[in-house]
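Taking it in order: structure first as structure tokens, then the write-up.
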Amino acid sequence: PVPDPASWLPALAGNFRPHIRRFPYRLIMELEHRWGVRVSERFLLPEVDVYHGTAQVLPPMKRTAKVLTRHHFSDMRSHTTPLEKFYFGEVFDASVRRADFIITPSNYTKNFVVEHFGVPEERIRVIYHGIFDPKPEVSDADKKALREKYDLPERFILLISRLIPSKRGDLLLKAFKRIADKIPGVGVVLAGRPD
């Protein structure tokens with residue numbers, strides 16, 4: 001069972017309240033994005049002033065201002081199933097068109113939105129991905145245990161990503177192979193899942 005969000009979400013502001021509704025994800029995707037049924041706005045969400053789609057998806061909504069964070073654009077050649085093509089194509093693209101305002105983590109993604117969708121630049125803001133602040137404390141003993149568990153080198157280049165062709169981990173490995181002899185003692189660690 002999923003723990004109650006109130007037990008682990010920080011108190012961000014006096015008017016912040018977790019609102020969790022469980023609904024079959026694939027069904028909601030079909031209803032909202034293939035058929036245009038406003039399930040989230042009509043049945044799942046309380047009345048809100050702004051909906052922020054942080055995972056690149058915005059449901060169809062009429063009464064609510066919509067902000068979309070578009071992290072990246074997926075290479076459609078890496079998606080082969082009809083569901084993947086629908087989700088990473090139609091759903092992602094429709095979400096950009098629905099957004100009143102868009103946040104991107106890079107100028108590259110911002111420029112893609114402007115050129116591919118014709119969204120005016122003033123409706124897009126680049127906000128770089130952040131880091132933990134303050135940085136979490138990790139003990140030397142925990143670091144040592146992790147290095148031993150995964151047989152990690154002392155120094156390494158880390159790629160945290162889904163392990164799929166569009167993430168281009170192969171380019172990292174090819175580049176590393178070309179310089180590996182110039183940086184002895186440094187390894188490469190790929191951390192992610194194929195899905």
Side-chain angles (χ1 to χ4, degrees), residues 2 5 8-10 12-13 15-131 159-169 191-195:
V2 177
W8 57 271
L9 284 172
L12 299 176
N15 65 350
F16 174 80
R17 290 183 320 276
H19 184 82
I20 305 297
R21 292 288 183 264
R22 289 176 176 79
F23 200 92
Y25 191 68
R26 186 168 179 171
L27 177 60
I28 202 170
M29 285 288 114
E30 290 284 332
L31 289 171
E32 289 193 331
H33 300 283
R34 199 175 300 274
W35 304 106
V37 179
R38 296 189 336 253
V39 176
S40 294
E41 186 175 58
R42 288 181 172 171
F43 307 110
L44 300 178
L45 295 172
E47 188 173 326
V48 294
D49 297 319
V50 178
Y51 181 95
H52 184 184
T54 59
Q56 308 198 117
V57 174
L58 284 175
M61 304 173 94
K62 289 187 177 177
R63 302 185 308 258
T64 307
K66 298 164 292 298
V67 176
L68 176 71
T69 294
R70 188 67 193 249
H71 298 280
H72 62 81
F73 286 88
S74 190
D75 182 349
M76 288 306 294
R77 292 170 297 184
S78 68
H79 303 293
T80 56
T81 70
L83 181 61
E84 286 176 337
K85 288 180 179 179
F86 168 67
Y87 184 74
F88 291 104
E90 293 175 46
V91 173
F92 274 26
D93 290 357
S95 294
V96 169
R97 288 189 288 275
R98 287 185 185 118
D100 298 308
F101 192 79
I102 298 171
I103 297 169
T104 67
S106 69
N107 283 305
Y108 177 85
T109 303
K110 174 185 175 180
N111 293 337
F112 187 94
V113 171
V114 170
E115 292 167 18
H116 189 75
F117 295 97
V119 175
E121 285 193 45
E122 59 270 13
R123 285 185 39 216
I124 306 170
R125 173 107 184 257
V126 175
I127 301 175
Y128 301 110
H129 286 141
I131 59 170
L159 173 67
I160 302 173
S161 171
R162 288 173 44 219
L163 301 177
I164 58 175
S166 65
K167 296 297 185 179
R168 302 312 311 256
R193 299 184 310 190
D195 63 353

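The analysis underlying the following values was restricted to heavy atoms, covering all of them including side chains, and did not include hydrogens, waters or symmetry mates.
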Has [X] got a side-chain atom pairing as donor or acceptor with [Y]'s backbone, closer than 3.5 angstrom?
X	Y	answer
His129	Ser106	no
Arg123	Asp100	yes
Glu41	Pro60	no

Would you compute the distance between atom [atom1] of [X] and atom [atom2] of [Y] and round it to the nearest 0.5 angstrom?
X	Y	atom1	atom2	result
Thr104	Arg125	OG1	CZ	10.5 Å
Glu90	Met29	CD	CE	12.5 Å
Ile127	Thr69	CD1	OG1	7.0 Å
Lys66	Arg97	NZ	CZ	14.0 Å
Arg63	Asp49	CZ	CG	12.0 Å

More than 12 foreign heavy atoms under 6.0 Å from OH of Tyr108: is that the case here? no

A quick test of your reading: do over 12 heavy atoms of other residues, nucleotides or ligands sit less than 6.0 Å from CD of Glu122? yes

Could you check whether any side-chain heavy atom of [X] comes within less than 4.5 Å of a side-chain heavy atom of [Y], counting everything from C-beta outward?
X	Y	result
Ile28	Leu44	yes
Phe92	Arg70	yes
Val96	His116	no
Lys110	Glu121	yes

side-chain contact (heavy atoms from CB on, under 4.5 Å) assessment of Asn107 paired with Tyr128: CA-CA 9 Å; Asn107 283 305; Tyr128 301 110; 3.7 Å; yes

Between [X] and [Y], which heavy-atom pair has the shortest distance, and what is it?
X	Y	value
Tyr51	Leu58	CD2-CD2, 3.6 Å
Val57	Leu68	N-CD1, 3.5 Å
His71	Gln56	N-OE1, 2.6 Å
His33	Val91	CB-CG2, 3.5 Å

